[in-house]
Chemist: 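This structure is in structure tokens; I'll ask about it shortly.
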Number of protein chains: 2
Amino acid sequence: MAKKIDKKAAILDAMLDLVVKRGFHDAPMSALARKSGASPGVIYHYFPSKNDLIRALYQRVAAVKHRAFFEGYSHDMSARESLLHIWLNAYRFYRTHRKEARFLDQYLSSGYCKTSEDEEAESADPTVKRIMKWMRPKKHGGVLKDLPPEAIDSLTLGLAASLAKAPKAFSKDTLTRIAETVWTAIAEE
Amino acid sequence: MAKKIDKKAAILDAMLDLVVKRGFHDAPMSALARKSGASPGVIYHYFPSKNDLIRALYQRVAAVKHRAFFEGYSHDMSARESLLHIWLNAYRFYRTHRKEARFLDQYLSSGYCKTSEDEEAESADPTVKRIMKWMRPKKHGGVLKDLPPEAIDSLTLGLAASLAKAPKAFSKDTLTRIAETVWTAIAEE
DNA sequence: TCGATTAGAACGAACGTTCGATCTAGAAAC
DNA sequence: GTTTCTAGATCGAACGTTCGTTCTAATCGA
């Protein structure tokens with residue numbers, strides 16, 4: 001049983017490496033077999049096809065990301081506290097999971113698989129729902145300026161992802177300062 | 001001569017469509033030949049390899065983008081005016097060139113080709129140089145808050161790109177308001 | 001007629017996938 | 001305790017397909 005899980009994980013790990021190092025267009029099953037130490041046959045024992053494998057990898061990565069974003073979050077935080085907390089979590093995740101970050105970038109822009117279902121699953125999460133109640137313009141019951149949701153997203157999580165790509169890590173002080181700048185830019189009042 | 005250019009352009013157009021619709025991993029030369037109306041032989045008459053073709057496409061797209069960003073820009077604009085102007089240009093470009101935007105996303109995150117040379121060529125442009133003198137923290141001679149360059153980029157052009165991906169277009173008023181919000185967020189004073 | 005341009009058949013290599021053989025570990029039977 | 005059975009895990013050669021690319025012969029414009 002342990003063997004089973006290990007091999008499956010090893011295959012996904014190897015595919016993550018492969019996609020990050022060589023790109024979707026150059027990640028053949030032969031290389032995956034070599035890298036993961038699993039024969040082609042065994043890969044197809046665990047995954048019905050290459051597409052399913054990559055989608056499974058995406059789901060694993062997305063789950064890790066989701067957990068990381070909400071780590072330490074509690075429901076009694078104010079909207080401002082929530083945003084600052086999750087924003088720092090996001091930066092930390094992208095910073096400590098650079099391979100995963102690069103994979104997500106590539107997966108989401110490649111159209112490799114449909115993403116609509118994935119997004120629906122994400123937004124069905126009760127914690128996400130709760131936060132989304134605040135993260136919208138004041139006139140819709142939230143606490144933010146009247147900005148389009150894409151702007152909110154880009155100014156917060158998009159910024160965290162961009163900062164994480166910088167060669168050097170930023171200090172917690174710098175990050176907090178940036179997060180507060182962002183908060184004042186998007187919050188009403 | 002006109003024929004020659006037309007055919008070459010038709011090939012690049014078809015590849016753009018193909019990559020946007022099916023992704024880098026599923027854009028074979030056979031499909032390109034069908035779509036562009038050029039036989040494989042002709043394609044290899046104009047481009048030495050698939051890699052070169054895609055890189056040529058990237059350069060064409062990047063050039064269009066560069067031109068669009070600086071359209072109407074003049075050297076006597078203030079830093080604030082420059083940013084607002086270029087920001088609106090960027091939004092308009094991403095909005096009216098959605099295929100190109102999707103291609104750039106994919107190309108840049110796929111690691112299909114080395115991008116270092118391309119970036120160097122970009123930053124060698126005298127107009128870009130001039131603007132970059134202003135777009136940096138005050139303590140380095142610019143007019144901005146002390147934010148990392150990645151933050152500046154994400155908060156300005158990254159935001160424009162994100163907004164352009166929204167299903168509906170935003171009015172010029174809304175956009176100007178957003179641009180001004182961004183300016184106050186990143187400018188010193 | 002001659003060089004440039006083109007179409008499309010053809011190439012070897014590499015692709016994703018399949019398949020029968022083999023191995024392994026633990027349950028069942030005695 | 002030993003043997004038998006079995007279901008899943010594993011392997012790697014092989015399959016048919018499709019890939020990127022090349023080649024040859026036909027066509028075109030001068």
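Convention: sequence-line order gives letters A, B, ...; per-chain numbering from 1. These numbers come from a predicted model, not from an experiment.
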Chemist: Tell me, please, which residues at least two apart from B:R60 pass salt bridge (charged side-chain N to carboxylate O under 4.0 Å, His left out).
Modeler: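 If we apply the salt bridge (charged side-chain N to carboxylate O under 4.0 Å, His left out) test to B:R60, skipping adjacent residues, the hits are B:D13.
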Chemist: Which residues in residues 28-37 of chain A have at least one heavy atom lying under 4.0 Å from any atom of DNA chain C?
Modeler: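 A:P28, A:M29, A:S30, in order of number.
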Chemist: Does D:dT10 have its OP1 or OP2 closer than 4.0 Å to a side-chain nitrogen or oxygen of A:H45?
Modeler: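 It does not, given that no N or O in the side chain of A:H45 lies less than 4.0 Å from OP1 or OP2 of D:dT10.
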Chemist: Going by atom type alone, with no hydrogens or angles, which donor-acceptor pairs under 3.5 Å involve a side-chain atom of residues 160-168 of chain B and a protein atom two or more places apart or on another chain?
Modeler:
unit_1 : atom_1 : unit_2 : atom_2 : d
B:S162 : OG     : A:S154 : OG     : 3.4
B:S162 : OG     : B:G158 : O      : 3.2
B:K165 : NZ     : B:D105 : OD2    : 3.3

Chemist: Without decimals, in angstroms, what is the distance between B:K8 NZ and C:dT5 C1'?
Modeler: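 Computing the B:K8:NZ to C:dT5:C1' distance gives 15 Å.
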Chemist: Measure CZ/A:F24 against P/D:dC19 and give the value in whole Å, please.
Modeler: 19 Å
Chemist: Name all pairs fulfilling the side-chain hydrogen bond (donor to acceptor under 3.5 Å, both in side chains) condition that reach into residues 174-183 of chain A, sequence neighbours left out, sorted by first residue then second.
Modeler: A:S171-A:T174
Chemist: What residues form a ring pair (Phe, Tyr, Trp, His ring centres under 6.0 Å) with A:H85, not counting sequence neighbours?
Modeler: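 A:H85 satisfies ring pair (Phe, Tyr, Trp, His ring centres under 6.0 Å) with no other residue.
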Chemist: For B:I11 and C:dT6, what is the distance between atoms CD1 and C1' respectively, to the nearest whole Å?
Modeler: 11 Å
Chemist: Looking at A:Y44, does any N or O in its side chain come under 4.0 Å of the phosphate oxygens OP1/OP2 on C:dT17?
Modeler: yes
Chemist: Please report the distance, rounded to the nearest Å, between NE2 in A:H25 and P in C:dC15.
Modeler: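 Going from A:H25 (NE2) to C:dC15 (P), I get 12 Å.
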Chemist: Quick one: which protein N/O atoms are closer than 3.5 Å to N/O atoms of nucleotides 23-26 of chain D? Pair and distance per line, please.
Modeler:
none

Chemist: Using a 6.0 Å distance limit plus a 45 degree cone around the ring axis, check whether A:K65 lies over the aromatic ring of A:Y94.
Modeler: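 No, cation not above the ring by the 6.0 Å, 45° rule.
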Chemist: Does D:dT10 have OP1 or OP2 sitting under 4.0 Å from an N or O in the side chain of A:Y46?
Modeler: yes
Chemist: Output the rounded distance in Å from NZ (B:K50) to C1' (D:dT22).
Modeler: 17 Å
Chemist: Measure CZ/B:F47 against P/D:dT22 and give the value in whole Å, please.
Modeler: 15 Å
Chemist: Expressed as a whole number of angstroms, how long is the span from A:D26:CG to C:dG16:C1'?
Modeler: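 Spelled out: CG on A:D26 to C1' on C:dG16 is 15 Å.
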Chemist: Grab the CG-P distance between B:N51 and D:dC19 for me, whole Å please.
Modeler: 16 Å
Chemist: Does the ring center of A:H45 lie less than 6.0 Å from the ring center of A:F47?
Modeler: no
Chemist: Report the residues that fulfil salt bridge (charged side-chain N to carboxylate O under 4.0 Å, His left out) with B:K139, sequence neighbours left out, ordered by chain and then residue number.
Modeler: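 B:D146.
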Chemist: Please list all pairs passing the salt bridge (charged side-chain N to carboxylate O under 4.0 Å, His left out) test where one or both residues lie in residues 27-52 of chain B, with sequence neighbours left out.
Modeler: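 As it turns out, the salt bridge (charged side-chain N to carboxylate O under 4.0 Å, His left out) pairs with a partner in residues 27-52 of chain B, which skip direct neighbours, are B:D17-B:K35.
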Chemist: Side-chain atoms of residues 20-28 of chain B: list all donor-acceptor pairs with protein atoms under 3.5 Å, sequence neighbours left out, distances to 0.1 Å.
Modeler:
unit_1 : atom_1 : unit_2 : atom_2 : d
B:R22  : NE     : B:D26  : O      : 3.0
B:R22  : NE     : B:D26  : OD2    : 3.3
B:R22  : NH2    : B:D26  : OD1    : 3.2

